[in-house]
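Following: one structure in structure tokens, then a few remarks.
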Amino acid sequence: MPELPEVETVRRGLAPTLIGARFAKVEARRGDLRAPFPPRFAARLTGRRVEALTRRAKYLLVALDKGETLVIHLGMSGSFRVERGDVLVTPPFHHERAKLAAHDHVVFDLDNGARVIFNDPRRFGSMDLVQSEGLETRPPFAGLGVEPLSEDFDAARLAADFAGSRAPLKTALLDQTRIAGLGNIYVVEALFRARLKPTRIAGELADAKGKPTAAARALAPAIREVLKEAVAAGGSTLRDHRQPDGELGYFQHSFAVYDREGAACPHRGCKGTIARMVQGGRSTFYCATCQK
DNA sequence: CCGACCGCCTGCCTGC
DNA sequence: TGCAGGCAGGCGGTCG
């Protein structure tokens, strides 16, 4: 499920199948997801070869020959699975295959014999086919914030980006124009690790001169660590399932506070209990005792 | 400009 | 057992 680590996991899982392959046949089983597919979507993809598969924020970028890029967003419930010949490669948690297939919206048949299927029950995902050139200067990429796992991201950058903001930290961290790729879960987890209250004012990460405060110096590495560990966990799950019954787009990961209302705070020595509150309509989990 | 809120969809879990 | 209601990892548009 798709925040940065999950999208990265999907990217790594699909790369060996997709890169270098050609779309022999593409079938869009409906005209839209969250937004309509572009005109002649399937026809324009047919015959194209995949040159690269990258990620920006929560978007997958499938670079094709002839200068176009397939831009994919998984939304809330989008996932991919791969089938090869007679062997079904199906996530183990999907027991009812017929039910699952009801939401198979786009099917890519590759010239290497693999079939890549995009499934998205809620249809909050999106697919677009755009010119590769200048991609980053156009929506939705123009204005996206820093990649938190890149070298450009550190406490100084975080402080500079948040300076002057009156928004709560939780809200600011979800803003993709500031930091790209965080979603509700990893924001909540990173704030817990940094022992920062989600309601703290984002601007407090910078001092009067715009330099990082202690809070910024705690939060920046916490964000990176949470994401790195999640990517590593996704990767290991994929390794376990490299063979025919592999899975893509899902991995098991345990969270310290997300969805753990009422549990004991896992911070050593803290006697607190995990609480839940709503910020901007979304659940925030935190320890009121040790997050300040 | 900024931040809060709403809608988009379906599935699943809870409580009555 | 059925059903209503609440909730879910996303984003973009509108409104104040």
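Note on naming: letters A, B, ... go to the chains in the order of the sequence lines (proteins, then strands), and numbering restarts at 1 for each one.
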Would you list the protein and nucleotides 5-7 of chain C atom pairs, both N or O, that sit under 3.5 Å from each other?
none

So which protein nitrogen or oxygen atoms get under 3.5 Å of nucleotides 10-12 of chain C's nitrogens or oxygens?
from	atom 1	to	atom 2	distance (Å)
dG10(C)	OP1	K58(A)	NZ	2.9
dG10(C)	OP2	R282(A)	NH1	2.8
dG10(C)	OP2	R282(A)	NH2	2.1
dG10(C)	O3'	H73(A)	NE2	3.4
dG10(C)	N2	R34(A)	NE	3.2
dC11(C)	OP1	H73(A)	NE2	3.2
dC11(C)	OP2	K58(A)	NZ	3.2
dC11(C)	O2	R34(A)	NH2	2.6

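To the nearest whole angstrom, the two P atoms, one in dC3(C) and one in dC9(B), are 24 Å apart. Comparing dC7(C) with dC5(B), their P atoms sit 15 Å apart, to the nearest whole Å.
In this model, the phosphate group of dG9(C) is approached by a side-chain N or O of Y258(A) to a distance below 4.0 Å at OP1 or OP2. The phosphate of dC2(B) has neither OP1 nor OP2 within less than 4.0 Å of any side-chain N or O from R166(A). Between H103(A) and dG11(B) there is a side-chain N or O to OP1 or OP2 distance below 4.0 Å.
As a whole-Å value, the separation of D175(A) CG from dC2(B) P is 9 Å. The separation between E261(A) atom CD and dT14(B) atom P is 14 Å, rounded to whole Å. Residue D161(A) contributes atom CG, which lies 12 Å from atom P of dC2(B) at whole-angstrom precision. The interatomic distance linking L227(A) (CG) with dG9(C) (P) rounds to 16 Å, in whole Å.
Each ring-ring contact (aromatic ring centres under 6.0 Å, His included) pair with one or both residues in residues 123-160 of chain A, not counting sequence neighbours, appears once here: Y59(A)-F141(A). For the side chain to side chain donor-acceptor pair (under 3.5 Å) condition, the pairs that include at least one residue of residues 204-226 of chain A, sequence neighbours left out, are R200(A)-E204(A).
Contact of the T199(A) side chain with the T284(A) side chain is not registered, since no non-hydrogen atoms from C-beta on lie closer than 4.5 Å.
Ring orientation note: the planes of H105(A) and H103(A) are nearly perpendicular, at an angle over 60° on the 30°/60° scale. The aromatic rings of F255(A) and Y186(A) sit perpendicular to each other, their planes meeting at more than 60°, with 30° as the lower class boundary.
Ion pairing of R193(A) with E189(A) is absent here, as no side-chain N (NZ or NE/NH1/NH2) approaches a carboxylate O to less than 4.0 Å. R81(A) has a carboxylate O that lies under 4.0 Å from a charged side-chain N of D104(A), or vice versa, which qualifies the two as a salt bridge.
Under the side chain to side chain donor-acceptor pair (under 3.5 Å) criterion, D32(A) pairs with R30(A), sequence neighbours left out.
The neighbour count for R138(A) CZ, taken as heavy atoms of other residues, nucleotides or ligands under 6.0 Å away, is above 12.
Distance check: I179(A) CD1 to L4(A) CG gives 11.0 Å after rounding to the nearest 0.5 Å. Atom-to-atom distance recorded for L173(A):CG and L158(A):CG is 7.0 Å, nearest 0.5 angstrom.
Heavy atoms of S165(A) sit under 4.0 angstrom from primed sugar atoms or phosphate atoms, though from no base atom. Nucleic acid contact for R178(A): sugar-phosphate only, since backbone atoms but no base atoms lie under 4.0 Å from a heavy atom of the residue.
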Quick one: the dot-bracket string of DNA chain C, using Watson-Crick and G-U wobble pairs with both distances under 3.5 Å, [ ] for crossing pairs and | for bases paired to another strand. .|||||||.|||||||

